[in-house]
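Structure first, commentary second.
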There are 2 protein chains.
Amino acid sequence: MTTDGRLARMLHVLVHMGLLGGRETSERIALMLNTNPVVVRRTLGVLREHGIVESEGGRGGGWKLTRSLDQVTVLDVQRALTKGPALTAPVSRDHPTCPVERASNSVLEKAHAAAEAHLIAKYAVTTLAQIAKDAKHKASGTTQ
Amino acid sequence: MTTDGRLARMLHVLVHMGLLGGRETSERIALMLNTNPVVVRRTLGVLREHGIVESEGGRGGGWKLTRSLDQVTVLDVQRALTKGPALTAPVSRDHPTCPVERASNSVLEKAHAAAEAHLIAKYAVTTLAQIAKDAKHKASGTTQ
DNA sequence: GATAGCGTAACTATAATTGTTGCGGAAAGG
DNA sequence: CCTTTCCGCAACAATTATAGTTACGCTATC
């Protein structure tokens, strides 16, 4: 399975955008993410649908945060990118009527639901501003 | 991404094996999992390496649990199937030296580590015997 | 030695993100 | 208006992990 790196990438780039303040083009953002502009538009497009960023076309256009860094949580971004739970229990559906399969799935689902609650709670209290602060704290030279 | 259904499948089939008591062939197990014998051998082979099941070739051969259901936890099975953490934070590696990327990754890693601890704790205290009990409780007719 | 098992290799299928190219449209600026 | 600089989007290849399939060899029993 390929790990879904969109959340990490979006956090990364949103913090940069917030710190830079202005409007950024897909191309500049693509450089930050070491990828190409289309991928950026695709993913930022999802965040736009959730009101986290806004885009403008034409000359001087680009992407911008709609709120300040301290008003966007990791949870906001996660919710935008993923419909459904942040953690999905890997259940089986080989014999949906089999009580043993159902009991196994149920155990996994409950365990994952509990774990997800903790994950979500942590996401909910972490703002992009805090990430920015951590970054400044760590930093001592290289930026970008 | 295809969800990794091996843990759920193995729990399912191990409970069946425990309840049936005897040796089961890959083919019979494959029927339980609605798949084919090779997939079964492949995955049960991993569990064998961890001492959870044993296999015998030749006529009358097949697979059997090495311990009783109450002496195998979900964690045992999970650990056998997955090396490394049960929950991996989806980090990005676009600019490994960028403090912002590092800070974003760090937030995700810590949150996932905490969630994983809860997940593992739950896995550790859940035995296959409990799943079997749940299954009997739910059941009221259909088996398998 | 025929049969019923597992063991394994070598493919193909599947599914999701990611990467890439190409083209159309919109906004600014001369 | 017409060029430039953007985004929007469609279409397709690349990647990666599990899952499925076929085929063949080995072993133990009858």
Side-chain angles (χ1 to χ4, degrees), chain A residues 1-10 12-13 17 22-49 53-64 66 78 80-84 86 88-95, chain B residues 1-10 12-13 17 22-49 53-64 66 78 80-95:
Chain A
M1 154 179 69
T2 315
T3 317
D4 178 359
R6 284 181 303 169
L7 176 56
R9 282 184 143 180
M10 288 302 101
H12 176 190
V13 85
M17 289 167 66
R23 216 175 273 282
E24 297 292 322
T25 68
S26 314
E27 188 162 351
R28 279 175 55 86
I29 296 171
L31 289 175
M32 302 179 196
L33 295 182
N34 204 28
T35 180
N36 75 59
V38 178
V39 175
V40 172
R41 287 181 206 133
R42 199 148 58 195
T43 315
L44 277 180
V46 180
L47 299 189
R48 183 186 48 212
E49 290 170 12
V53 296
E54 62 189 23
S55 68
E56 243 177 68
R59 207 188 195 98
W63 301 83
K64 210 182 67 174
T66 59
Q78 191 279 322
L81 292 174
T82 311
K83 34 192 160 196
T88 310
V91 299
S92 62
R93 303 187 189 285
D94 302 314
H95 280 293
Chain B
M1 153 178 64
T2 314
T3 317
D4 178 359
R6 285 180 302 168
L7 176 57
R9 281 184 143 180
M10 288 303 101
H12 176 190
V13 84
M17 288 167 67
R23 217 175 273 283
E24 297 293 322
T25 68
S26 314
E27 188 163 352
R28 279 174 54 88
I29 296 172
L31 288 175
M32 301 179 196
L33 294 181
N34 206 28
T35 180
N36 75 59
V38 177
V39 175
V40 172
R41 288 180 207 134
R42 197 148 59 195
T43 314
L44 277 181
V46 179
L47 300 189
R48 182 186 48 211
E49 291 169 13
V53 296
E54 60 188 25
S55 67
E56 244 177 67
R59 207 187 194 98
W63 301 83
K64 209 181 69 175
T66 58
Q78 191 279 322
L81 292 174
T82 311
K83 34 193 158 195
L87 244 53
T88 310
V91 299
S92 62
R93 304 187 189 284
D94 301 316
H95 279 294

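Note that this is a predicted model, so its numbers are computed, not measured. We name chains A, B, ... by the order of the sequence lines, and we start the count at 1 in each one.
- One can place CZ of B:Arg6 at 14 Å from C1' of D:dG20, the figure rounded to the nearest angstrom.
- Contacts of A:Gly45 with the nucleic acid, taken as non-hydrogen atoms under 4.0 Å apart, are absent.
- Nucleic acid contact class of B:Arg48 (heavy atoms, under 4.0 Å, all strands): sugar-phosphate only.
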Summary of protein contacts for nucleotides 21-30 of chain D, nucleotide by nucleotide, where a base hit scores B, a sugar-phosphate-only hit scores S (4.0 Å, heavy atoms): BBB---BBBS
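- Residues forming a side chain to side chain contact (heavy atoms under 4.5 Å, CB included) with B:Arg93 (at least two apart in sequence, or on another chain): B:Val91.
- Separating the CG atom of A:Asp94 from the C1' atom of D:dA19 is a distance of 11 Å, rounded to the nearest angstrom.
- Rounded to whole Å, the distance from CG on A:Leu7 to C1' on C:dT18 is 16 Å.
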Derivation of the side-chain contact (heavy atoms from CB on, under 4.5 Å) call for B:Met17 and B:Ile29: CA-CA 9 Å; B:Met17 288 167 67; B:Ile29 296 172; 4.0 Å; yes
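- Note on A:Arg28: nothing from the nucleic acid sits closer than 4.0 angstrom, heavy atoms only.
- In this structure, A:Glu54 atom CD and D:dC6 atom P are separated by 17 Å, rounded to whole Å.
- By the 4.5 Å heavy-atom criterion applied to side chains, A:Leu7 and A:Thr82 are not counted as neighbours.
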Only pairs under 3.5 Å count here: list side-chain donor-acceptor contacts from residues 31-46 of chain A, not counting sequence neighbours, and write none if there are none.
{"from": "A:Asn36", "atom 1": "OD1", "to": "A:Val38", "atom 2": "N", "distance (Å)": "3.0"}
{"from": "A:Arg41", "atom 1": "NE", "to": "A:Ser26", "atom 2": "OG", "distance (Å)": "3.2"}
{"from": "A:Thr43", "atom 1": "OG1", "to": "A:Val39", "atom 2": "O", "distance (Å)": "3.1"}

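- Residue A:Ser55 places no side-chain N or O under 4.0 Å from the OP1 or OP2 atom of D:dC7.
- Side-chain contact between B:Leu81 and B:Gln78 is absent, with no heavy-atom pair separated by less than 4.5 Å.
- Contact annotation: B:Arg9 reaches the phosphate of D:dG20 (side-chain N/O to OP1 or OP2, under 4.0 Å).
- The side chain to side chain contact (heavy atoms under 4.5 Å, CB included) search around A:Arg23 returns A:Glu54, A:Glu56, A:Lys64, not counting sequence neighbours.
- As a whole-Å value, the separation of B:Lys64 NZ from C:dG5 P is 16 Å.
- A:Ser26 has a side-chain polar atom (N or O) that falls below the 4.0 Å cut-off from OP1 or OP2 of D:dC7.
- B:Leu33 places its CG atom 14 Å from the C1' atom of D:dT18, with the value rounded to the nearest Å.
- In this structure, A:Arg23 places its CZ atom 10 Å from P of D:dC7, rounding to the nearest Å.
- For the residue pair A:Arg48/A:Ser55, the side-chain donor-acceptor check at 3.5 Å is satisfied.
- Look at CD on A:Glu24: it is 17 Å from P on D:dT5, rounded to the nearest Å.
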